[in-house]
Amino acid sequence: MLHTINKSPFSADSFDTCLKFAQEGDPILLIEDGVYAAQCSSKVSGQLAQHSATNDFYALSSDLKARGISVLCDQVKVIDYAGFVELAEKHQVNSWL
Amino acid sequence: MLHTINKSPFSADSFDTCLKFAQEGDPILLIEDGVYAAQCSSKVSGQLAQHSATNDFYALSSDLKARGISVLCDQVKVIDYAGFVELAEKHQVNSWL
Amino acid sequence: MKFAILLKEGPYNHEAADTAYHFAKAVMEKGHTLTSVFLYNDGVINVTKLMDPPQDDRHIANRWSELGAKGVRILSCIAASKRRGIEDSLLTDHSEITGLGELTDIAIDVDRLVTFGA
Amino acid sequence: MKFAILLKEGPYNHEAADTAYHFAKAVMEKGHTLTSVFLYNDGVINVTKLMDPPQDDRHIANRWSELGAKGVRILSCIAASKRRGIEDSLLTDHSEITGLGELTDIAIDVDRLVTFGA
Amino acid sequence: MDDNVKKMMHIVRTAPHGTIYTYEGLEMVLIMAAYDQEISMAFIGDGIFSLKKDQDTTELQIKGFMKTLGVLEDYDVEDIYVDRQSLEDRGLKVEDLFIPVQVLEADAIGKLMAVQDVLIHH
Amino acid sequence: MDDNVKKMMHIVRTAPHGTIYTYEGLEMVLIMAAYDQEISMAFIGDGIFSLKKDQDTTELQIKGFMKTLGVLEDYDVEDIYVDRQSLEDRGLKVEDLFIPVQVLEADAIGKLMAVQDVLIHH
């Protein structure tokens, strides 16, 4: 199952909640304000690093650029909308609004 | 200054943020989903109790009833819209959306 | 005292429009003047006369219209309205489209500008 | 594969309408079928033809209309539309108002129903 | 599995009344329940507040949804899951809820999510 | 104090682009700045992300607001405060921001709030 998170991990509970319910091996895609979780050296980067042992993290390129986020956590792969569709081909989608 | 908080303390940062910026003596009014902070025995009730030493807390009656919240923290005074207006007469209003 | 309201969310989707209305009524019942309700962001959707909620629910556009009839100016920001497809032809009675300069005049004029939103 | 989109927020106020559109285009570019975009909650505001954003910004209603012209059904939930003042006379080209039964049929029919919202 | 029967889970994550998501979410669930699909609901985070007993929106003058919650069972929506930790964090017990539910750990709900064909958050 | 001059603080608390609040908030600030009032801005919580350098919305195809941020000074909006803790929590430094700001502790910003005539959150 592909999980998408679209809210900032600093002001909403989507990031925490999604990580609680996602199963091992599920890919997690950060979109919209959710991409702030991909930036390194913040107070949530430890949490992301820890979960990267069991889940692959992705972030949407156009959302990163729009927000000027260039220094990412190592564990995050940057993809475009074509990559988003490819993940959605392989997995059902669970959008954590 | 009267501070209003209209979001659940469990899923948004308005409650925490407002408490950080409110000055001693400022009244704090919980409205809409903000009234969930008034319910006793939750994981945020300690925080409210602690701040009640320096700030008066109020919660809007119609919002409490709509949500079935009847067991409140001792420190919270229940008021109606007339009470809201009275607080706004005495203080400028800072709505922490 | 002179009050005004800034409402930043649309009807039904958020409670802000309800809270703003109940607060407005209480302000007037206390004998204060409510000069205006300024609609910004999705708040502009509050004044479409095409709104048609279920019979057993409140009609939010009619509430603003009712306050407008009592002399409260119900003002919808033009830039925000255009983005969301609100124009003069859609406006409920006693509401009008205006600019942010008007909001500034209101902010200067009143004793309390109270914001409701999400 | 067959895809459909459920869009739960209005235009401009939230990025959801943008994300949904870019995803829709990428789905079609990959050679998949996008059967429909179903608008719910404030999402119904996406299809008003009165939308008139600044010239140098994207025109979100036109985007849906453009997808509609390519055969994607652009569907606005009737109950949600009525609450927010969206009716047939306002609809942009290639969009229609329908019921939640239609969304259920879509959910049964497609391989992926992907939600965008706030 | 019958090709025409899909597993659809509705996930309620928002508190009631502050936003319309729970209300319009329940409208969606009732319609979908009329089709012969496997419908379930999960209440997570602030969503559990939507199940609280004694909600009375009369004074607030907005249409509530307690009646809708009450008829879910008649529509055969009987698989209703609640996240245990969400209850505990919010100081609620299962007795505080208006309808019968199954209280599960997050991991158990996550495993149920994993087998769904459609998931919609409200 | 001149009766006709009011202190108005605009408080930006939302991240950019995910919602329109910062964008439409800046539109409001520019208009208000044309009147002779004491306008200030405070960036708190996710609001500080709105000040991040190098935001490029071209690929996202939405209108950005970097130009608007750039002209605030020309409109005499020069009292721009940023909450220190919000920066630190988000792993940002003042050098990461697009315009000059004053970084203050929450309590200092709170004291500035206390003397305002009008406060608007975006």
Side-chain angles (χ1 to χ4, degrees), chain C residues 1-10 13-17 19-20 23 27 32-47 75-86 96-118, chain F residues 1-42 44-47 50 57 61-65 67-68 71-72 75-77 113-122:
Chain C
M1 280 177 105
K2 268 202 251 185
F3 281 78
I5 286 173
L6 171 62
L7 173 54
K8 286 164 55 72
E9 291 294 335
N13 215 87
H14 293 86
E15 196 187 334
T19 311
F23 183 77
V27 162
H32 297 298
T33 303
L34 178 67
T35 69
S36 33
V37 176
F38 192 92
L39 308 171
Y40 201 53
N41 304 132
D42 270 358
V44 301
I45 300 159
N46 275 281
V47 284
L75 304 168
S76 185
C77 168
I78 184 159
S81 294
K82 289 179 89 164
R83 277 193 191 96
R84 294 156 180 94
I86 299 296
E96 51 187 305
I97 291 179
T98 183
L100 286 164
E102 192 85 53
L103 175 64
T104 316
D105 288 331
I106 291 166
I108 294 170
D109 176 54
V110 298
D111 301 300
R112 297 288 183 272
L113 176 64
V114 184
T115 308
F116 297 94
Chain F
M1 190 184 90
D2 181 340
D3 265 3
N4 292 319
V5 174
K6 288 204 167 181
K7 291 178 189 291
M8 305 191 186
M9 182 182 273
H10 292 268
I11 302 162
V12 178
R13 288 199 11 258
T14 50
H17 315 311
T19 54
I20 203 170
Y21 303 115
T22 302
Y23 182 100
E24 288 192 329
L26 285 167
E27 288 193 340
M28 187 187 285
V29 170
L30 280 200
I31 299 290
M32 290 197 170
Y35 290 65
D36 290 322
Q37 306 296 313
E38 279 187 44
I39 305 283
S40 62
M41 297 188 75
I44 291 176
D46 282 348
S50 293
T57 55
Q61 294 173 41
I62 75 175
K63 201 177 157 184
F65 52 73
K67 273 185 198 157
T68 312
V71 301
L72 283 175
Y75 282 73
D76 293 324
V77 180
M113 288 177 173
V115 298
Q116 301 298 315
D117 298 300
V118 175
L119 299 110
I120 300 177
H121 288 244
H122 299 283

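Every heavy atom of this structure was used, including side-chain atoms; hydrogens, water molecules and symmetry mates were not. Just so we're on the same page: letters track the sequence lines, and every chain starts at 1.
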**Asked** Which bit of F/Met32 comes within less than 4.5 Å of chain C, counting heavy atoms only: side chain, backbone, both or neither?
**Response** both

**Point-to-point distance, once rounded to the nearest 0.5 Å, from CG of F/Asp117 to CG of C/Leu113** = 11.0 Å

**Asked** Contact part of F/Leu30 toward chain C, heavy-atom cut-off under 4.5 Å: side chain, backbone, both or neither?
**Response** neither

**Nearest-0.5 Å distance, CG of residue C/Asp42 to OH of residue F/Tyr21** = 6.5 Å

**Asked** Which bit of F/Gln37 comes within less than 4.5 Å of chain C, counting heavy atoms only: side chain, backbone, both or neither?
**Response** side chain

**Whether over 12 other heavy atoms sit under 6.0 Å from F/Asp36 CG** = no

**Message:** Tell me if the NZ atom of F/Lys63 is crowded by more than 12 foreign heavy atoms within 6.0 Å.
**Reply:** yes

**Request:** Provide the closest heavy-atom pair for C/Lys8 versus F/His121 in the form atom of the first, atom of the second, distance.
**Result:** CE-O, 3.2 Å

**Prompt:** Given a strict heavy-atom distance threshold of 4.5 Å, which part of C/Arg83 is in contact with chain F: side chain, backbone, both, or neither?
**Reply:** side chain

**Prompt:** Taking all atoms of both residues into account, what is the closest heavy-atom pair of C/Leu6 and F/Ile120, and its distance?
**Reply:** CD2-CG2, 3.7 Å

**Request:** Measure across F/Met8 and C/Thr104 and return the closest heavy-atom pair with its distance rounded to 0.1 Å.
**Result:** CE-O, 4.5 Å

**Complete:** On a heavy-atom basis, the closest approach of C/Leu103 and F/Met28 is CD2-CE, 3.5 Å

**Interchain contact, C/Val114 with chain F, by part (heavy-atom threshold 4.5 Å)** = neither

**Message:** Can you confirm whether F/Tyr35 is buried at OH, in the sense that more than 12 heavy atoms of other residues, nucleotides or ligands lie under 6.0 Å from that atom?
**Reply:** yes

**Request:** Find the distance between CD (F/Glu27) and OH (C/Tyr40) and round it off to the nearest 0.5 Å.
**Result:** 5.0 Å

